[in-house]
Number of protein chains: 2
Amino acid sequence: MKYSNEELTTELKIKHIRLSHQRVRILDYLASQLNHPTADQIHTGLRKEIPTLSKTTVYSTLNALADAGVVRVIHIEGNETRYDIRAEDHGHFKCESCGTIYDFTADIDSLATGDLKNFDIKDRNLYYKGTCPTCIGEKI
Amino acid sequence: MKYSNEELTTELKIKHIRLSHQRVRILDYLASQLNHPTADQIHTGLRKEIPTLSKTTVYSTLNALADAGVVRVIHIEGNETRYDIRAEDHGHFKCESCGTIYDFTADIDSLATGDLKNFDIKDRNLYYKGTCPTCIGEKI
DNA sequence: TAGTAAACTGTAACCAATACAATCTTGAAA
DNA sequence: TTTCAAGATTGTATTGGTTACAGTTTACTA
């Protein structure tokens with residue numbers, strides 16, 4: 001899913017999030033960089049155009065956007081939090097060799113979850129790990 | 001799944017993991033406490049019977065057992081790593097109100113993953129978040 | 001029994017994330 | 001347009017889970 005600037009603006013207004021310059025830029029960055037960046041990568045990437053941007057702002061913005069459901073938090077590995085523009089249901093595959101995170105489509109809603117009959121499910125995350133085709137080829 | 005001491009011993013030998021006193025105790029603890037403890041909880045819980053147990057040992061043991069596939073690492077939340085005796089495929093549901101982590105059965109293998117045709121998938125994790133029935137009841 | 005490789009211990013260090021207080025900005029009312 | 005309060009940003013200090021490392025201890029094998 002690719003957001004336009006106008007769509008982002010509209011969505012943020014609906015969620016009652018103030019549209020500061022920094023927040024718009026962070027969302028733009030997430031929409032243009034689809035490689036699941038960390039907060040640090042976002043901070044480094046945006047410092048070129050916003051030299052005063054602080055890391056605290058990046059974190060607080062990402063937390064606010066995650067609470068509002070605009071971005072998805074990815075905890076596929078314990079020592080790194082990554083972020084994604086929230087899109088239709090999909091899983092994340094992390095290659096343990098090269099570290100790349102791939103999206104893959106998966107109909108998570110179709111999973112039978114009889115055990116959770118009376119649970120209120122707000123968020124579903126599917127994480128796979130293994131080796132990607134590129135790294136499999138290099139091992140030969 | 002519930003391991004007996006004998007089964008644990010056998011499984012560890014197969015995986016070529018030395019059976020130190022500390023490692024056996026950590027595995028016993030995981031097999032008896034099915035509440036997905038953190039490394040710190042394991043350390044605190046075992047200090048009663050092994051006063052000299054260091055946190056470093058707990059971490060290195062858990063990492064070794066995870067590499068060998070005997071325990072499962074749970075990263076449902078970014079700031080806490082939890083551990084589980086590896087069992088048949090199941091997902092984890094975390095209640096955002098009380099923090100409890102529930103197991104639920106889910107046939108993860110049944111998910112269509114055409115996007116990952118040439119990927120070598122070694123590990124599958126399914127994480128849900130929301131509110132558990134107990135906390136839903138208390139909110140009324 | 002001796003010797004070597006691995007495991008354990010405890011301290012120090014690391015680093016992502018957060019707390020906090022001061023400053024700045026935004027949006028709306030007057 | 002001006003004013004002002006609520007909210008956002010900034011930068012520093014701090015936290016807390018995890019790892020690095022060096023010395024000591026333990027476990028397996030010959």
Side-chain angles (χ1 to χ4, degrees), chain A residues 8-10 12-29 36-68 70-71 73-83 94 99 101, chain B residues 8-10 12-29 36-68 70-71 73-83 94 99 101:
Chain A
L8 277 173
T9 303
T10 303
L12 287 172
K13 276 188 178 163
I14 292 170
K15 304 279 188 182
H16 303 296
I17 293 184
R18 278 197 184 178
L19 292 173
S20 70
H21 176 62
Q22 290 88 339
R23 289 183 171 177
V24 172
R25 285 292 180 234
I26 288 171
L27 269 168
D28 280 351
Y29 187 87
H36 319 91
T38 63
D40 194 70
Q41 288 171 334
I42 296 169
H43 179 244
T44 302
L46 288 176
R47 273 251 163 155
K48 298 163 192 166
E49 51 171 307
I50 315 173
T52 63
L53 181 67
S54 79
K55 239 176 190 175
T56 305
T57 298
V58 175
Y59 278 108
S60 74
T61 295
L62 291 169
N63 287 338
L65 295 175
D67 286 346
V70 180
V71 306
V73 181
I74 304 173
H75 282 148
I76 198 168
E77 205 75 34
N79 56 347
E80 60 182 23
T81 303
R82 295 179 169 275
Y83 299 89
K94 173 158 185 171
I101 293 178
Chain B
L8 276 174
T9 302
T10 303
L12 287 172
K13 277 187 177 165
I14 292 171
K15 303 280 186 182
H16 303 296
I17 294 184
R18 277 199 185 178
L19 292 173
S20 71
H21 178 61
Q22 290 89 340
R23 290 185 170 174
V24 172
R25 285 291 180 237
I26 288 171
L27 269 168
D28 280 350
Y29 187 87
H36 318 90
T38 63
D40 194 69
Q41 288 171 334
I42 297 168
H43 180 243
T44 302
L46 287 177
R47 272 253 164 154
K48 298 163 191 164
E49 52 172 304
I50 315 174
T52 62
L53 181 67
S54 79
K55 237 177 192 177
T56 303
T57 298
V58 176
Y59 278 108
S60 73
T61 296
L62 290 169
N63 287 338
L65 295 175
D67 285 347
V70 179
V71 307
V73 181
I74 304 173
H75 281 147
I76 197 168
E77 206 76 34
N79 57 345
E80 60 182 23
T81 302
R82 296 180 170 275
Y83 299 89
K94 172 155 187 173
I101 293 179

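Lettering of chains follows the sequences in order, A, B, ..., and the numbering in each one begins at 1.
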message = Just verifying a value: how many Å separate B:Ile101 CD1 and B:Arg82 CZ, rounded to the nearest 0.5 Å?
response = 4.5 Å

task = Take the protein atom CZ of A:Arg25 and the nucleotide atom P of D:dA8, then report the distance between them rounded to whole Å.
result = 19 Å

ask   = Rounded to the nearest Å, what distance is computed from the NE2 atom of residue B:His43 to the P atom of nucleotide C:dG10?
value = 8 Å

ask   = Is any side-chain nitrogen or oxygen of A:Ser20 closer than 4.0 Å to OP1 or OP2 of C:dT26?
value = no

key: A:Gln22 vs D:dT10: side-chain N/O to OP1/OP2 distance below 4.0 Å   = yes

query = Which residue lies toward the 5' end of DNA chain C, B:Ser60 or A:Lys55, if each is placed at its nearest nucleotide?
reply = B:Ser60

request  = List the atom of B:Ala64, the atom of B:Ile17, and the distance in Å for their closest heavy-atom pair.
outcome  = O-CD1, 4.1 Å

request  = Give the rounded distance in Å between these two atoms: CG of B:Asp67 and C1' of C:dA6.
outcome  = 16 Å

inquiry  = With a 4.0 Å cutoff (strictly under), does any side-chain N or O of B:Asn63 reach OP1 or OP2 of D:dT19?
reply    = yes

request  = Output yes when at least one side-chain N/O atom of B:Arg23 is less than 4.0 Å from OP1 or OP2 of C:dA7, else no.
outcome  = yes

key: Closest nucleotide among C:dA6, D:dT18, D:dT10 to the B:Thr81 side chain   = D:dT18

remark   = A:Thr56 has its side chain closest, among C:dA7, D:dT9, D:dT10, to D:dT10

inquiry  = Please report the interatomic distance NE2(A:His43) to OG1(A:Thr56), rounded to the nearest 0.5 Å.
reply    = 8.5 Å

inquiry  = Applying a 4.0 Å non-hydrogen cut-off, can you work out what B:Thr52 is touching in the nucleic acid: base, sugar-phosphate, or nothing?
reply    = sugar-phosphate

query = Can a donor-acceptor pair be found between the side chains of A:Ser60 and A:Thr57 at a distance below 3.5 Å?
reply = no

remark   = note: B:Glu80, atom CD; C:dT18, atom P; distance rounded to Å ~ 13 Å

ask   = Can you check whether A:Glu77's main-chain N or O pairs, donor with acceptor, with A:Glu80's side chain at less than 3.5 Å?
value = no

task = Could you check B:His21 against B:Ala39 and say which one's nearest nucleotide on DNA chain D is further toward the 5' end?
result = B:Ala39

Nearest to side-chain heavy atoms of A:Tyr59, which nucleotide of C:dA17, C:dC8, D:dT12 = C:dA17

ask   = So does A:Asn79 get a side-chain nitrogen or oxygen closer than 4.0 Å to the phosphate oxygens (OP1/OP2) of D:dT19?
value = no

ask   = Once you round it to whole Å, what is the distance between C1' of C:dA5 and CD1 of B:Ile17?
value = 16 Å

message = Given the structure, check if the side chain of B:Thr57 and the base of C:dA7 hold any donor-acceptor pair shorter than 3.5 Å.
response = no

